[in-house]
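Input: a single structure, listed below in structure tokens.
Just so we're on the same page: letters track the sequence lines, and every chain starts at 1. These numbers come from the heavy atoms of this one structure, side chains and all, not from hydrogens, waters or symmetry mates.
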2 protein chains.
Amino acid sequence: MAMAKHAEPRTESRVPLTKERVLHGAVRLADQRGIGALTMRNLAQELGVEAMSLYYHVANKEELMAGTVDVVVDEINLVVSEVDTSSVGTDWKRVVRQRILAARDVLLGHPWAPDVIESHAAMSPSVLRYFNALSGLLRQGGLSVDLVHHALHALGSRALGFTHELFAPEPDAEEEADPGVMMEQMADEYPYLTEIVAHASHNGERTLGWCDDQEEFEFGLDLLLDGLERRNATM
Amino acid sequence: MAMAKHAEPRTESRVPLTKERVLHGAVRLADQRGIGALTMRNLAQELGVEAMSLYYHVANKEELMAGTVDVVVDEINLVVSEVDTSSVGTDWKRVVRQRILAARDVLLGHPWAPDVIESHAAMSPSVLRYFNALSGLLRQGGLSVDLVHHALHALGSRALGFTHELFAPEPDAEEEADPGVMMEQMADEYPYLTEIVAHASHNGERTLGWCDDQEEFEFGLDLLLDGLERRNATM
DNA sequence: ACCTGAACACCGTTCAAGT
DNA sequence: ACCTGAACACCGTTCAAGT
């Protein structure tokens, strides 16, 4: 009993943790089990370590969250860097549009990321890199510094490929009521919204898995890009 | 000792709680001490009651948060209802713009509200009322049902008077570094952003207290409204 | 009908200690 | 250098009980 060293619980990974492995583990955990499951204790377990060990590699949970933003947005930076930008001088709108939709595709693999980006983008180097590159393309397209500045604000998170939809269903919401009955109740109080819902082929077809609709995203994006083009022409 | 009934701890409010008083207390607490201070225990103390008493009036914290959204957005609904809409048939853009800026003014008094709205708007009756009324104005302005639908998505939270700025400073962030030094460091890595910051009269003057800039808000809003007007003309 | 006390499960985090 | 165990302060919440 005294001699019997406890066997290695896992024959695998005895490589020490690094900040990078911690952050990628956090992203994987959020991808697989949702952002709610990303706790220090869960993440430690996922990495085969005790919760307190994480604090050797990351100052606190805020830094962990900020780190996951950088992991995801660096993935975006990589993907958008492969978009051909040689025509940006004459056709900036198409190039920018293509990059933004490519960014959006990356986010589809990390449906939790938009919320975390919104709350932790402020000082993220990867987000700064993204917007710096976007600004460069707009400048090369001929927009003034002022107009580029306005453009960044006007696009906001849409530049990164997502919008925060106000009426998105909860990720694990129960279907509780007969939609037909609900529509009738709605018709009295919200006639104009009812009219829209009734008229829309909106539910189902081109709706993506998370709280954002591809067609509506592109409509809003084009509205803004067209508007910027117009402002650029008259300035 | 046995006879001495304990004195009334407060000579004031012996009115029983109601859901309304709970929700308004929650809004007041968030206004005064920030959304982070809005815990069941803090709120109970604010209301002179034990934490568990709140659960008699509100099912759980989610319902509490959803309730604060309705309090704030009902305040918005009241304010925007006072905007003159008689000219909406010929001048919908001005009317809608005015209403949205009025909504924005209400939110300035509740800087915590935008985040809570974004996370709890989904099934809020007051938010539905707001967007229903907005839809009605756009319809009266001559927009098709389809275009109104697109407009709601394209405007998103901007219709309620706010945008979630990605680069907003943390509410209680420390000023940690000399901005001059930071600018130099930035210049190498983010030349285009540096160009913008250097060129902008952006910091200070018309920036509002919270994470949203009035001038940029109006620029983005007009970009979208102008675009909708144009789409309406060509449809 | 309205409120309470004690307890539970779960957080993030500190600290002194282990190898 | 890297990891751990025990403990703390603070959450939201359940439940049985009080008036």
Flag the pair A:K19 and A:E63 as a salt bridge only when some basic side-chain nitrogen lies within less than 4.0 angstrom of an acidic carboxylate oxygen.
-> yes

Grab the CE-C1' distance between A:M40 and D:dC10 for me, whole Å please.
-> 17 Å

B:S53 side chain N/O closer than 4.0 Å to the phosphate oxygens (OP1, OP2) of C:dT4?
-> yes

Base paired to D:dA16 (Watson-Crick or G-U; both N/O distances under 3.5 angstrom) = C:dT4

Report the distance from atom CZ of A:R41 to atom C1' of C:dC11, rounded to the nearest whole Å.
-> 6 Å

Integer-rounded Å distance: D:dC11 C1' and B:Q45 CD = 15 Å

In whole angstrom, give the distance that lies between atom OH of A:Y55 and atom P of D:dC3.
-> 15 Å

Choose from C:dT4, C:dG12, D:dC3 the nucleotide whose nearest atom is closest to any side-chain atom of A:T39.
-> C:dG12

Using 4.0 Å as the upper bound for N to carboxylate O, is an ion pair formed by A:R41 and A:E50?
-> no

Name the orientation class of the two ring planes belonging to B:H110 and B:W112 (parallel below 30°, tilted from 30 to 60°, perpendicular beyond 60°).
-> perpendicular

A:L64 has an atom CG; how far is it from atom C1' of C:dC11, in whole Å?
-> 14 Å

Indicate, with a heavy-atom threshold strictly under 4.0 Å, whether A:M52 touches base, sugar-phosphate, or nothing.
-> base

Could you tell me the separation between the CG atom of A:L47 and the C1' atom of D:dC2, rounded to a whole number of Å?
-> 14 Å

Identify which nucleotide among C:dC2, C:dG12, D:dT4 has an atom closest to any side-chain atom of B:P16, counting heavy atoms from C-beta outward.
-> C:dC2

Distance test, side-chain N/O of B:Y56 to OP1/OP2 of C:dC2, below 4.0 Å = yes

Polar side-chain atom of B:S124 near backbone of B:D70 as donor-acceptor pair, under 3.5 Å | no

Spacing of A:L43 atom CG relative to C:dG12 atom P, expressed in whole Å = 10 Å

Euclidean distance, atom NZ of residue A:K61 to atom C1' of D:dC10 [Å, nearest integer] = 15 Å

Phosphate oxygens OP1/OP2 of D:dA1: is one of them under 4.0 Å from a side-chain N or O of A:H57?
-> no

Would you call the rings of B:F219 and A:H150 parallel, tilted or perpendicular, where under 30° means parallel and over 60° means perpendicular?
-> parallel

